[in-house]
Amino acid sequence: MKTVLYPGSFDPFTNGHLDLVVRAGQLFDRVIVAVAVNSAKNPLFTMEERCELIKASCAHLEHVEVVSFQGLLVNAMDNFQADAILRGLRAFSDFEYELQMALLNRNLKSQCETIFMMPTLKNSFVASSLVKEVARLNGDFDQYVPEPVAKAVRAKLNL
Ligand code: PNS
């Protein structure tokens, strides 16, 4: 039974995130989407809302669990008995930060492996921050997020 932990802010969960969860489900028996509680960012959605939206977006997938975590990712990895961490790489610009994080995590916990996956091309430019910006500026953001997320963004921003 192999488990991968997919951590992030997920504010909100996008089609790019969903793409990765589906792909990871083809390689791992269990995909745990782990919503970070202590994000330095000022989130649009509460941690509970983010978890509920991920659950609704992944309801059709059998291998997925959604949890929240506080503190170090390497400790969450132990708590959820994960074999690896999953992160998405969209563009080259993601690489430096991701490499730093993966190496730091491995320095903190020597058995910590990070696996990178690329979303399909049409999701490769989708980012939560850009989705929120397009939504706030009344652009068509529905195409970038699962349906439950689109509804929730509309409600949150009074669109
Ligand atoms: O979606 P994000 O904002 O890029 O996710 C970043 C996240 C939450 C995965 C990262 O900030 C994280 O792992 N936070 C937990 C605290 C931690 O372990 N920090 C040290 C590793 S960089």
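Start at 1 and go down the list; that is how both ligands and their atoms are numbered. Numbering of residues begins at 1 and proceeds along the displayed sequence.
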Query - Hydrophobic cluster membership, Leu18 vs Leu27, 4.5 Å side-chain cutoff - result: yes
Query raised in the report: Any chance CE of Met117 has more than 12 other-residue heavy atoms, nucleotides or ligands included, within less than 6.0 Å?
Result: yes
Query raised in the report: With a cut-off of 4.0 Å, which atoms of ligand 1 are near a heavy atom of Gly8?
Result: 1 (O), 5 (O)
Query raised in the report: Numbering the atoms of ligand 1 from 1, which are under 4.0 Å from a heavy atom of Gly71?
Result: 15 (C), 16 (C)
Query raised in the report: Around Arg106, counting heavy atoms of other residues, nucleotides and ligands shown, do more than 12 lie under 6.0 Å from its CZ?
Result: no
Query - Contacting atoms of ligand 1, where contact means under 4.0 angstrom from a heavy atom of Asn105 - result: 21 (C)
Query raised in the report: Just which atoms of ligand 1 are under 4.0 Å from any heavy atom in Ala36?
Result: 8 (C)
**Report entry** Thr46 (side chain) donor-acceptor with Glu49 (main chain) under 3.5 angstrom
**Finding:** yes
**Report entry** Test item: side-chain donor near acceptor, Asp19 and Asn123, under 3.5 Å
**Finding:** yes
Query raised in the report: ligand 1 versus Ser9, non-hydrogen atoms closer than 4.0 Å: side chain, backbone, both, neither?
Result: both
Report task. Report yes or no: does Ala34 have a heavy atom closer than 4.0 Å to ligand 1? Result -> no
Query raised in the report: Is Leu121 atom CG crowded by more than 12 heavy atoms from other residues, nucleotides or ligands, each under 6.0 Å away?
Result: no
Report summary line: Looking only at non-hydrogen atoms, the one of Leu72, Ile85, Leu104 nearest atom 19 (N) of ligand 1 is Leu72
Requested in this report: Check whether any heavy atom of Gln100 sits under 4.0 Å from an atom of ligand 1.
Outcome: no
Query - Heavy-atom nearest neighbour of atom 9 (C) of ligand 1 within options Arg87, His17, Gln70 - result: Arg87
Query raised in the report: Does any N/O atom on Val74 come nearer than 3.5 Å to any N/O atom on ligand 1?
Result: no
**Report entry** Lys/Arg-Asp/Glu bridge criterion (N-O < 4.0 Å) met for Lys132, Asp11
**Finding:** yes
Requested in this report: Flag yes if more than 12 heavy atoms outside Gln143 fall under 6.0 Å of its CD atom; otherwise flag no.
Outcome: yes
Query raised in the report: Which ligand 1 atoms does Leu73 reach within 4.0 Å, using its non-hydrogen atoms?
Result: 13 (O), 17 (C), 18 (O)
